[in-house]
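The block underneath contains the structure these notes are about, expressed in structure tokens.
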Amino acid sequence: MYYVDVALPLPLTRTFTYRVPDGMRGQARPGARVLVPFGNKEIIGWIDRPRDQAQVHDPEKTRTVVGVLDTSPSATPAVLRLCRWIGEYYLAPLGQVLRTALPAGLTDSSTDYVELSGGMAPGRDLSGMELKLIEWLRGRDGAQPLARVRRELGDRVWWPTIRKLEDFGIVRVITEGPRVGPPVKTHRVLRVREVPSLMERDTLFGRAVKQRELFERVEAMGGAAEVTHLVNELGYTYAIVNALVKKEVAEIAEEEVSRDPYAGVEAGIAPEHRPTAAQTSVIGRLVDASRTKDPGTFLLRGVTGSGKTLVYIELLREVVEKQGRTAIVLVPEIALTPQTVGRFKAVFGDRVAVLHSALSDGERYDEWRALRSGEKRIVVGARSAIFAPLPDLGAIVVDEEHESSYKQGESPRYHAREVAVVRAAIEGAVCLLGSATPSLESWANVGSGKYHLLELPERVGGQALPPIRIVDLKAERKRQKDSTGPGVERGPVILGDMLADAVRERIRRKEQTILLLNRRGYANFVQCRECGNVWQCPNCNVSLTFHRRRARLTCHYCLHEEPAPAFCQACGSKDLSFKGVGTEQVERTVAETFPSARIARMDVDTTSGKWSHHEILGRVERGEVDILMGTQMIAKGLDFPNVTLVGVINADVGIHLPDFRATERTFQLLTQVAGRAGRGPKGGEVFIQTSLPNHYAVAAAMDHDFITFAEKEMETRREPSYPPHSRLVNVVVSGLEEAATQEAAVAAADWVRGLIESRRVADVALTGPAPAPIDRIRGRWRWHFLLRSHSAKTLGEVSRFFYTRWRPRAAKAADVRVIVDRDPVALL
Ligand code: ADP
Ligand code: ZN
Ligand code: ZN
């Protein structure tokens, strides 16, 4: 008899043992996908390890593998090893890690649907939940996936209710088996036609506000958008979509497979730059390392515009072309622009695969297969590209290594930079982390000798870093007030005079400007001037953001929306104030101040279409935009030589967030965005508007002085101790009821304290529990506590013990969820 342990993509920390029929034995290798029975379903899992027959407790009861689905294991030995490490370190079930690591089409379980079956139980009282479900099903056509029941009716345990109704003959449950091959996606795309005049629009739409809103939204996305995106993410109904089609202002087209714009990215001309002396020396060290067995990790600190990309390319040339190996290049999702991709394609052509979140499952699967087979040898991609199935890996590059988007926000909560370091070590590859503003973690690893430091302290071609001027917003406000005289009410300062003059000058000289404000919407919150009432999200403890164009208040955490208010619901006053400037308001002010300028805004609201952000950047590159404004999206990676001015509307946004990384983030953002200016021969300058001109993050950014910033910031994190001085685990307990949540958090913390005492664990400290800074999100109350240690090993042991012993118990309690976040990037 042959047995294997199988990891299932479920929130269970253990693996399960199955028997392998003799005929399948040859294929049943570690990492191979298998279809197995589980409960009353069949699901796809992965073979973790063979299991010794002597260790199988109950051979009689052990179930049998239905089929082995891979001819060669979909998780290569290296990827499987990496996933095991992630599961251990980040406290996640191996099956879940594998599911994250492999293309979606490969993993699926059966889906359950419920539908009304027509029966009615006579003379029976139905419970509230039962009635609710029946009522809901009545309002819908046909069978509904259980996932949707949960989403729309509340995330409760619905199975008992459904089973009971099934017994009564009122509903029926339909189970669909898992898909075994990758799905082919078809898209239905809504395309709007041009309606140039406002008058025509008014007559067309009349009072159909929603229709007009949808029309204009699709228009803003470049004229076309996927229907599912409009419905599922933006919340428009099919009725509204169809109404546009009926009015003949839009049409719906079936598109079989979406076109991947990267597939068509021009290979372009490979820039024949000769490396500068500084680049040459850095490249030399990397090349030497790549020829050794254990090359180690390098941190490349290179100021903005110092030519880090050329260093990456030369390293790949060595590893891929000379040594015949393969390589991974990670970039943050928003920096994954055609420009970035083009630079690699120009040199390596068709050997480059691009992995990013907007690919359909089918496209992702195709790229994955091309990498797996060795047809493509380099992958450029966002976070999850670290799992690319490349054989004989020689180098991993992590660009903008300080970016917090490398950390996944859901389980497995891995950090791609850390995973890169581990994967490189497993495979004997060079690991190169690059940034102008390295994370303090990596910086500390240089200090302790774990990483090797490489530096590019100057811009290429003798370009100077742009001079940065600080504009004191308090002084500016006072000056503007004095100049208008008393009694005249003035809004907040959006464009100070200095910045406004500088922009005007750029428009005159036909140069481009970038304006940054890291806050979207029109106004951050709405407050009644009479009684002080602030509009809050009903599901989250955060204020609602006012979006003016759509005339709505929205929650940026749960996407709740409501119409913008005309009066206060508490006191009836009509005197409302809209506070906290956001990008939408800046756009308006800028448009009013510079009516002739061509403006583009880039933030989550204008880039929700699949490729809209590439479209906007394309316009900037072609010189069709004078002023590009937006959130942190515009701060990274852009290399436009005609941008000679960068303005930060308000540097203080985010600096006061109750999070230990708030200052570091501010410094990074200011430095990165400043780095967009003066990359061409015309030079450039930067204005930073702030109410905190003397803050060390602002001052250090002004001087382009990472070292001074790092020293100060390290000092402030010493007491209480935060990373990189110590390691953290953030345990977040959430639940639908406030009291039960608190109780569970207190019990969990007590349990851990007890563990620490009884086992005499030295050097793990527990802080809390306390309500999380945002103490309610999506209707769930949130409490948290922190575990802190200087020893990653001890901290790992304590949290693993907690995760495997206490957490499953808590999960049984009604609706309480426990998240264990190791090395958190934010504590909100
Ligand atoms: P970073 O990523 O460090 O901010 P980039 O890699 O984007 O900088 O390089 C900045 C600019 O300098 C790019 O336009 C690039 O083509 C150019 N460049 C890089 N290396 C050289 C070189 N050795 N000679 C001339 N130009 C170079
Ligand atoms: Zn009021
Ligand atoms: Zn909300």
Are [X] and [Y] side-chain neighbours, meaning at least one heavy-atom pair lies under 4.5 Å?
X: P538; Y: H560; answer: yes
X: W136; Y: Q144; answer: yes
X: H556; Y: V542; answer: no
X: I334; Y: Q632; answer: yes
X: L657; Y: R665; answer: no
X: F546; Y: E584; answer: no
X: C555; Y: N539; answer: no
X: P565; Y: L553; answer: yes

Heavy-atom closest pair, residues Q668 and S439: NE2-CA, 4.3 Å

Could you give the distance from [atom1] ([X]) to [atom2] ([Y]), rounded to the nearest 0.5 Å?
X: F525; Y: K579; atom1: CZ; atom2: NZ; value: 5.5 Å
X: T228; Y: R188; atom1: OG1; atom2: CZ; value: 9.0 Å
X: N518; Y: I655; atom1: CG; atom2: CD1; value: 12.0 Å
X: L244; Y: L214; atom1: CG; atom2: CG; value: 5.0 Å
X: L8; Y: R99; atom1: CG; atom2: CZ; value: 10.5 Å

Mutual orientation of the aromatic rings belonging to W751 and F801 [parallel < 30°, tilted 30-60°, perpendicular > 60°]: parallel

Mutual orientation of the aromatic rings belonging to F660 and Y722 [parallel < 30°, tilted 30-60°, perpendicular > 60°]: parallel

Taking only Lys NZ, Arg NE, NH1 and NH2, and the carboxylate oxygens of Asp or Glu, determine whether [X] and [Y] approach each other closer than 4.0 Å.
X: R552; Y: E213; answer: no
X: E400; Y: K636; answer: no
X: E216; Y: R212; answer: yes
X: D821; Y: K407; answer: yes

[X]: what forms a salt bridge (Lys or Arg N to Asp or Glu O under 4.0 Å) with it, not counting sequence neighbours?
X: R549; result: none
X: E587; result: R601
X: R172; result: E115

NZ or CZ of R822 within 45° of Y89 ring axis and under 6.0 Å: yes

Check whether the side chains of [X] and [Y] place a donor and an acceptor atom closer than 3.5 Å, and report yes or no.
X: E333; Y: S405; result: no
X: T545; Y: R520; result: no
X: S404; Y: R661; result: no

From CA spacing to verdict: side-chain contact (heavy atoms from CB on, under 4.5 Å), T100, Y414: CA-CA 10 Å; T100 305; Y414 71 95; 4.0 Å; yes

Would you confirm whether [X], through its side chain, and [Y], through its main-chain N or O, come within 3.5 Å as a donor-acceptor pair?
X: Q211; Y: A243; value: no
X: R782; Y: L828; value: yes
X: R778; Y: Y557; value: yes

E737 atom CD, over 12 foreign heavy atoms within 6.0 Å: no

Stepwise side-chain contact (heavy atoms from CB on, under 4.5 Å) test for L330 and R383: CA-CA 7 Å; L330 296 185; R383 188 171 62 218; over 6 Å; no

Pair listing, salt bridge (Lys or Arg N to Asp or Glu O under 4.0 Å) test, anchored in residues 133-144, at least two apart: E135-R138, R140-E152

side-chain contact (heavy atoms from CB on, under 4.5 Å), paired with F802, selected from V729, V731, L91: V731

Verdict with reasoning, Q585 to L517, per side-chain contact (heavy atoms from CB on, under 4.5 Å): CA-CA 10 Å; Q585 192 169 163; L517 178 64; over 6 Å; no

Results of side-chain contact (heavy atoms from CB on, under 4.5 Å) for T804 - residues two or more places apart only: T13

Any residue meeting side-chain contact (heavy atoms from CB on, under 4.5 Å) with N242, in chain and number order, not counting sequence neighbours: Y238, I252

